[in-house]
Amino acid sequence: LFRSPDAAGSEDTVELADKNRIRGELLTREIRLRVGGEEKTYPVADFKELHNVAAKKPFSLWAAILALLTLSAMEIVLGIDNIIFLAIIAGRLPPEQQPKARRLGLLAALGTRILLLCFISLLLGLTK
């Protein structure tokens, strides 16, 4: 399917599903695929990228619901922990400043969580 590149030939690059890259001259100009029991031939020029789609397992609805429930439970536990911690710390302040300190602390905790979730989302979006 591939031949090592020489000085006269063109160099093609194919990225495999495991992220390895093969460089060389593509010897075939069409690819035969079996789709639903029927075999079809497609020109190589029609493909931008080839991935092993069959190897990827679909993300099920139940897995998403379980992940959401787990994240929700963790957020509830962390929220209760924040409230207890802020109540202890704000208890050292004068009584008129305590409600403001609790609100400010909860807003800071919420803001920090949102920033961390955005950062995690950014990290998950990185591909290289």
Side-chain angles (χ1 to χ4, degrees):
L1 191 62
F2 269 94
R3 179 175 62 195
S4 297
D6 56 3
S10 65
E11 186 173 312
D12 298 313
T13 302
V14 173
E15 184 174 328
L16 303 175
D18 61 0
K19 301 297 182 193
N20 286 326
R21 291 191 176 171
I22 299 174
R23 293 181 188 271
E25 183 182 355
L26 189 60
L27 297 177
T28 182
R29 294 295 163 209
E30 53 189 31
I31 296 176
R32 290 175 31 187
L33 297 175
R34 183 173 296 136
V35 180
E38 183 181 341
E39 207 168 281
K40 293 183 180 181
T41 303
Y42 298 95
V44 173
D46 288 353
F47 291 97
K48 182 178 178 189
E49 292 182 1
L50 296 175
H51 294 283
N52 188 357
V53 178
K56 295 181 181 179
K57 295 182 180 176
F59 192 67
S60 72
L61 176 63
W62 290 111
I65 290 172
L66 181 63
L68 181 64
L69 289 174
T70 304
L71 182 61
S72 298
M74 289 174 52
E75 287 296 327
I76 289 169
V77 169
L78 286 172
I80 292 170
D81 179 56
N82 284 141
I83 290 171
I84 293 170
F85 178 75
L86 289 171
I88 293 170
I89 296 298
R92 298 180 182 177
L93 293 172
E96 64 273 358
Q97 291 181 348
Q98 289 179 8
K100 184 178 179 183
R102 281 194 294 267
R103 270 188 247 120
L104 184 62
L106 288 174
L107 283 174
L110 177 67
T112 303
R113 279 197 192 102
I114 290 172
L115 285 175
L116 286 173
L117 285 173
C118 289
F119 182 67
I120 289 171
S121 175
L122 174 78
L123 285 178
L124 290 175
L126 297 176
T127 57
K128 292 185 180 181

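Leu68 has its side chain within reach of Ser72: a pair of non-hydrogen atoms, C-beta onward, lies under 4.5 Å apart.
Atom CD1 of Ile65 is separated from atom CG of Leu61 by 4.0 Å, given to the nearest 0.5 angstrom. To the nearest 0.5 Å, atoms CG (Leu71) and CG (Leu66) are separated by 11.0 Å. Rounding to the nearest 0.5 Å gives a distance of 9.0 Å between CG of Asp81 and CG of Leu86. Here Leu110 contributes atom CG and Leu115 contributes atom CG; the two are 9.5 Å apart, rounded to the nearest 0.5 Å.
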Exercise. Given the rule in the side-chain contact (heavy atoms from CB on, under 4.5 Å) test, do Lys100 and Leu93 qualify, once you have shown the distances and angles that lead to the verdict?
Worked result: CA-CA 10 Å; Lys100 184 178 179 183; Leu93 293 172; over 6 Å; no
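Under the 4.5 Å side-chain contact rule for hydrophobic residues, Val77 and Leu69 do not share a cluster. Hydrophobic clustering keeps Ile114 apart from Leu122 (ILVMFWY residues linked when any side-chain heavy atoms are closer than 4.5 Å, directly or through intermediates). Ile120 and Leu126 are assigned to two separate hydrophobic clusters, defined by single-linkage of ILVMFWY side chains at heavy-atom distances under 4.5 Å.
Of the possible donor and acceptor atoms, none in the side chain of Ser121 sits under 3.5 Å from a partner among the backbone N and O of Leu117.
Counting all heavy atoms, side chain and backbone alike, Ala90 lies closest to Arg102 at CB-CG, 4.0 Å.
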